Amino acid sequence: MKKVFIRKLLPFSIVAAIVPGTAMAELTVDAYGSLRIQAESVSVDSLSTTSQGLSDDDSYTGLRDAYSRFGVTASYPLSGGTTLGAKIEVPFNSAELKINDPTGFAAYYKDPNSLDNNYPRIYKITASGNWGSVAIGKQWLTFYNYVAYPVDYFSSFYSGWSTYAYFRREAVTYTSPSFAGFSFAASAVDVSDSPDSNYLDTMHYALSYSSDGFTISAAMEDQEENIGDAQTYGISASYTTGPWRFATKYEETDNNVSIYNLYGSYNMGKYTFKAHVSEGDDNGYAPGTVIHLGTDYQYTKNLKVFVEYFSEETGYAVLPDKDIGDYLADNGYASFGEDTQAIAIGARYDF
């Protein structure tokens, strides 16, 4: 009961932190949004499951949302140099015109039996100052931020799949200020919704060093015994010089399952050209070779258009043309095929 009460309380505590203070002169409240949609041509061949009634070649052409969202942020400076903040952000499926996360991962987190998949992406309260920062609530997680994010730089729906990291969960996180280029973070995370586990059932630890465009980071995820007693380790490095940016990462579980990524981009005026390759072991997520190529064109300050090519040796991110609820009803994602491909042309408008 205590676990359920805390989870229900978090979103309401954030709203309470924002709404009553709007009349205060020092309080800043901002709304924002990002509309992202793509037209895609998808090829899904040699399906490994027919439980959903799919054919051996389930190719299609259609529209897919690329993680559109709307949000509100608030900040309130205290006299001692600490700033209080709050944020709530909801997904918007631009292809289906409803509050919905296009991946289905949010529904797994809180209610595996729900097909609505309309939970907020983020709801958190924060405090920050020269002593560092603390965040409480659903947030981007430490392991992802330090290890997976450096190679997650594409614009389409297919960005960021080649990782073992959880993206967003409820957590309590402390991040240190920089000490001669070094910083660290520690986070207690609610990874599992199992009634047998503690509310904060997983620990994340990370250490990073940055100097002159170069950053190297290492992180660890440590789950408690009741949800598997598993550990995942990761290291990433990135370097930016002039128009060039390079990044790489490596992740490994305590079962000796690993995945590595290599990313590079080149900026030329309003154009940014990107390339990414990853290789994952067969027993992990995103197994086999993944190749991702793309070009962004910054048409205006707020509007970006993009074209991307995505190829998987074993299908994971590239899915047949079915509503996400069908995947959730059929016990989630599986390996749907081999040599799957997608070509996406899309646009992103930020405000």
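Only this structure's heavy atoms are used, side chains among them; waters, hydrogens and symmetry mates stay out. None of these values were measured; they are calculated from a predicted model.
Taking the six-membered ring where the residue is Trp, Y149 and Y153 present tilted rings, their angle falling between 30° and 60°. Classification of the Y67-F157 ring pair by plane angle, with boundaries at 30° and 60°, yields parallel. Classified by interplanar angle (parallel below 30°, tilted 30° to 60°, perpendicular above 60°), the ring pair Y158/F310 is parallel. In this pair, H292 and F154 present their aromatic rings parallel. The plane angle is below 30°, not in the 30 to 60° band. Aromatic ring orientation, F179 versus F184: parallel (interplanar angle below 30°, classes split at 30° and 60°).
A side-chain donor-acceptor contact under 3.5 Å links S94 to the backbone of R36. A donor-acceptor pair under 3.5 Å links the side-chain atoms of Q139 to the main chain of A171, judged by distance alone. Side chain of Q298 to backbone of T300: a donor-acceptor contact under 3.5 angstrom is found. The backbone N or O of T340 lies less than 3.5 Å from no partner atom in the side chain of E312, so there is not a single donor-acceptor pair. The backbone N or O of V151 lies less than 3.5 Å from no partner atom in the side chain of N261, so there is not a single donor-acceptor pair. Not a single donor-acceptor pair under 3.5 Å links the side chain of S258 to the backbone N or O of E252. A donor-acceptor pair is defined here as one N or O able to donate and one able to accept, closer than 3.5 Å; such a pair exists between the side chain of D65 and the backbone of S68. In terms of modelled atom types and a separation under 3.5 Å, the side chain of E221 and the main chain of M203 share no donor-acceptor contact. Judged by distance alone, with hydrogens and angles left aside, the side-chain atoms of E224 form a donor-acceptor pair with the main-chain N or O of N198 at under 3.5 Å. T241 contributes no side-chain N or O that, together with a main-chain N or O of W244, makes up a donor-acceptor pair within less than 3.5 Å.
Checked against a 6.0 Å centroid threshold, the rings of F182 and Y209 count as neighbours. Aromatic rings from Y260 and Y250 are positioned such that their centres are separated by 6.0 Å or more. Outside the 6.0 Å centre-distance limit, the rings of Y239 and F246 are not counted as a close aromatic pair. Residues Y32 and F351 place their aromatic rings such that the two centres sit no closer than 6.0 Å.
Under the 3.5 Å distance criterion, with hydrogens and angles disregarded, no donor-acceptor pair is assigned to the side chains of N145 and T142. Side-chain contact annotation: E251 with T163, donor-acceptor N/O pair under 3.5 Å present. In this structure, a donor-acceptor pair under 3.5 Å is absent between the side chains of S311 and Q341. A donor-acceptor contact closer than 3.5 angstrom is absent between the side chains of W131 and S176. S192 and D201 share no donor-acceptor pair across their side chains, judged by distance under 3.5 Å alone. Donor-acceptor pairing under 3.5 Å is lacking for the side chains of S133 and S128.
Between R168 and D101, at least one side-chain nitrogen of the basic residue sits less than 4.0 Å from a carboxylate oxygen of the acidic one, meeting the salt-bridge criterion. Ion pairing between a basic and an acidic side chain is recognised when a charged N comes within 4.0 Å of a carboxylate O; E170 and K138 show no such pairing.
The 12-atom threshold is exceeded at OH of Y297, counting heavy atoms of other residues, nucleotides or ligands nearer than 6.0 Å. At most 12 heavy atoms of other shown residues, nucleotides or ligands fall within 6.0 angstrom of atom CG in D212.
Side-chain contact between T253 and Y164: present, with at least one pair of heavy atoms (C-beta onward) separated by less than 4.5 Å. Taking 4.5 Å as the limit, some side-chain heavy atom of Y263 sits within range of a side-chain heavy atom of S265. Side-chain contact between S34 and R348 is present, with heavy atoms from C-beta onward closer than 4.5 Å. Side-chain atoms of F92 and N100, non-hydrogen and from C-beta on, never get closer than 4.5 Å to each other.
By the criterion of side-chain heavy atoms lying less than 4.5 angstrom apart, applied directly or through intervening Ile, Leu, Val, Met, Phe, Trp or Tyr residues, V147 is not grouped with V189; the two fall into different hydrophobic clusters. The hydrophobic clustering, which links ILVMFWY residues whose side-chain heavy atoms are closer than 4.5 Å, places Y60 and I343 apart. Criterion: ILVMFWY side-chain heavy atoms under 4.5 Å apart, direct or through other members. Under it, V90 and Y349 are part of a common hydrophobic cluster. Cluster membership check: Y166 does not share its hydrophobic cluster with F143, using side-chain heavy-atom separations under 4.5 Å among Ile, Leu, Val, Met, Phe, Trp and Tyr.
Identified under the salt bridge (Lys or Arg N to Asp or Glu O under 4.0 Å) test for residues 275-299, with sequence neighbours left out: K274-D296, D296-K304.
I37 belongs to a hydrophobic cluster whose remaining members, ordered by chain and number, are L63; membership requires side-chain heavy atoms of ILVMFWY residues under 4.5 Å apart, directly or through intermediates.
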